[in-house]
Number of protein chains: 2
Amino acid sequence: MAGERLYKAIVDQIIASIDSGEFPVGGRLPPERELAERFNVSRPTIREAVIALEALERVEVKTGSGIYVLESSQGLNGIDSSISPFELTEARAMIEGEAAALAAVMITNEQLAELEQALQDMADARPSVYENADKKFHHVISRATGNKMLEGIIDKLWYVRDTSPRVHRAYQAICETDTSRVSEHQDIFEALKNRDAKAARTAMHQHFSRIINNLIAAEEKEQVEAIQRKMVESRERFSLTHLVTSE
Amino acid sequence: MAGERLYKAIVDQIIASIDSGEFPVGGRLPPERELAERFNVSRPTIREAVIALEALERVEVKTGSGIYVLESSQGLNGIDSSISPFELTEARAMIEGEAAALAAVMITNEQLAELEQALQDMADARPSVYENADKKFHHVISRATGNKMLEGIIDKLWYVRDTSPRVHRAYQAICETDTSRVSEHQDIFEALKNRDAKAARTAMHQHFSRIINNLIAAEEKEQVEAIQRKMVESRERFSLTHLVTSE
DNA sequence: CTCGGATTATTGGTATTACCAATTTCGCGA
DNA sequence: TCGCGAAATTGGTAATACCAATAATCCGAG
């Protein structure tokens, strides 16, 4: 990528080597001087990459000893790249359900007005508009809980949704076929407006339940198509056409 | 701190200046060369500190333009230092309650055995033992959900509990007077063993409800003592003793 | 032969200097 | 006043030097 900083590319490559097992957890990375030769960059650039990895708690640096790979599950990052769209969605259903219930009790009229605006934007046909409105809607609810820890956790869930390639792809695949979005958010809004905690929780659960069903359907469809592709390939592989034509 | 790396001290000082408002959110940090002069270190050391801040998503760096302060709520760190012990505990009650309910459905016999062992360790008189057992107990439950996203979120809640000075102090203050710990965790364990999701959720809620009550009591006690200290000081300030003795 | 201490080698830590790339600011001319 | 080009400023990368901490090796004594 043009203009991308060199240390970031090095970080990505080192992470890839950690994930592939080349640099095992608990083991030592090659020395800075060797990494600099290997990646054909200067040693300060390597140092910058290592500082970033350290800030992300992917490595631990011991003076005079070396750079050691940490277990990624303890990272500040908190993103395990193997998290599936189902796991994320289930966690969101549980957490955002509780947040909606609490928000129903605490929400202000200003926040209700913000939700109403987001609902309108959610009906827009442009993906960038309705996706931002969707995010805004959920964020207002997390704020309405009046609990900054919950707000932070829900932000993290959205961060995973947006940045994990696997999850992002899965959500994109079901997004264009999403016809219930507005009505479901409308149900959530009505429950909040009525300050009905139980209804808010239920509406949020139903919203995510439908998303999980869509994810399942999309995965099923993908696997059927993958099998069909494989059959086409086998048909081509074992057809007798090339035997006939080669004579 | 002897042996502490220079760039980390610089990171801490820059974060303190951001938090104090000296470097406002959205604004630009002084240039690298100026920061190097200000902190009396070399420019590469500043660069290392800035790389770390960037990895933590506290700042954004624009080539030729400058280093800009990001809103901390969007940080990977996810820790807002103003999060109160009440907010953390409320969030834990809600999230860990749901996790316990799900774990009741999914838990394995091996995991139940792990919980039993942790329960025994929780009765130990040594703080280091029962605190680790407490943490282990909750971690096994998060693992038992079979949802890595939930596990990661609950790890993050524990991380906040352990690393936020404010929260850590509050929990320490109620820890020594904690006489219900074992029986409450026993209730949670029994519900899980019986695979009763509803009972597990309720037991977890009661566990945290009692913690919140203890936190309130401790805060109340602290405020009463602060008022009493103030009264003692006023009494000393306005007593006529010094007038008598000075004649 | 083994063990301990001293020495050497290795690895990370910090600084100085140089030069390049991108952006912003300033000055000049239309 | 506005637009364009040049200069200044700011971040990006590299090379080199030397220091601090740790690990490895070697040598001598028991």
Side-chain angles (χ1 to χ4, degrees), chain A residues 1-18 22-71 75-76, chain B residues 1-18 22-71 75-76:
Chain A
M1 190 183 305
E4 183 67 359
R5 292 169 69 186
L6 207 46
Y7 91 84
K8 287 188 178 176
I10 307 294
V11 166
D12 291 342
Q13 289 176 66
I14 291 176
I15 288 179
S17 296
I18 292 173
E22 185 186 347
F23 301 147
V25 170
R28 219 184 66 164
L29 256 58
E32 291 180 351
R33 291 170 180 88
E34 190 178 315
L35 286 170
E37 284 185 27
R38 172 181 174 151
F39 291 113
N40 197 30
V41 296
S42 71
R43 195 177 143 216
T45 301
I46 293 293
R47 292 189 53 75
E48 293 184 353
V50 169
I51 296 280
L53 286 164
E54 196 174 16
L56 295 168
E57 294 191 3
R58 297 303 298 263
V59 300
E60 174 184 25
V61 178
K62 296 180 184 176
T63 304
S65 176
I67 305 155
Y68 295 85
V69 181
L70 293 174
E71 288 190 36
L76 272 177
Chain B
M1 191 182 302
E4 183 67 358
R5 292 169 70 185
L6 206 47
Y7 91 85
K8 288 189 179 176
I10 306 293
V11 165
D12 291 343
Q13 289 177 66
I14 292 176
I15 288 179
S17 296
I18 291 173
E22 185 185 346
F23 300 146
V25 170
R28 220 184 66 166
L29 256 58
E32 290 181 353
R33 290 169 178 91
E34 189 178 316
L35 287 171
E37 283 185 27
R38 171 182 173 150
F39 291 113
N40 197 28
V41 296
S42 70
R43 195 176 144 217
T45 301
I46 292 294
R47 292 189 53 78
E48 292 183 354
V50 168
I51 295 279
L53 286 165
E54 196 175 17
L56 294 170
E57 294 191 0
R58 297 303 299 262
V59 300
E60 175 185 23
V61 178
K62 297 181 182 174
T63 304
S65 175
I67 304 157
Y68 295 85
V69 180
L70 293 173
E71 288 189 35
L76 272 177

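Within residues 27-35 of chain B, the residues approached by DNA chain D to less than 4.0 Å at the level of any non-hydrogen atom are B:R28, B:P31, B:E32, B:R33, in residue-number order. Listed in residue order, the members of residues 36-54 of chain B having a heavy atom less than 4.0 Å from DNA chain D are B:R43, B:R47.
The side chain to side chain donor-acceptor pair (under 3.5 Å) test applied to A:R33 returns no partner, not counting sequence neighbours. Residues satisfying the side chain to side chain contact (heavy atoms under 4.5 Å, CB included) criterion with A:E37, sequence neighbours excluded, are absent altogether. Residues passing the salt bridge (Lys or Arg N to Asp or Glu O under 4.0 Å) test with B:K8, sequence neighbours excluded: A:E54. Legend: residues meeting side chain to side chain donor-acceptor pair (under 3.5 Å) with B:R28, ordered by chain and number and at least two apart, are absent.
For B:T63 and D:dT10, the shortest distance from a side-chain N or O to OP1 or OP2 is not below 4.0 Å.
Distance A:R5 CZ to D:dT13 C1': 11 Å, rounded to the nearest Å. Taking atom NZ of residue B:K62 and atom P of nucleotide D:dG12, one finds them 13 Å apart after rounding to whole Å. When the P atom of C:dT11 is taken as reference, atom CD1 of A:I67 falls 10 Å away, rounded to whole Å. Between the CG atom of B:L6 and the C1' atom of D:dC19 there is a distance of 13 Å, rounded to whole Å. As a whole-Å value, the separation of B:K8 NZ from C:dG12 P is 15 Å.
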Side chains of residues 9-18 of chain A: which donor-acceptor pairs under 3.5 Å do they make with residues two or more places apart or in other chains?
{"residue": "A:Q13", "atom": "NE2", "partner": "A:A9", "partner atom": "O", "Å": "3.4"}
{"residue": "A:S17", "atom": "OG", "partner": "A:Q13", "partner atom": "O", "Å": "3.2"}
{"residue": "A:S17", "atom": "OG", "partner": "A:E22", "partner atom": "OE1", "Å": "3.4"}

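Minimum interatomic distance between B:A36 and B:S42 (heavy atoms only, all atoms of both residues): CB-C, 4.0 Å.
When the nucleotides C:dG13, C:dT24, D:dT13 are ranked by their closest atom to the side chain of B:S65, C:dT24 comes out on top.
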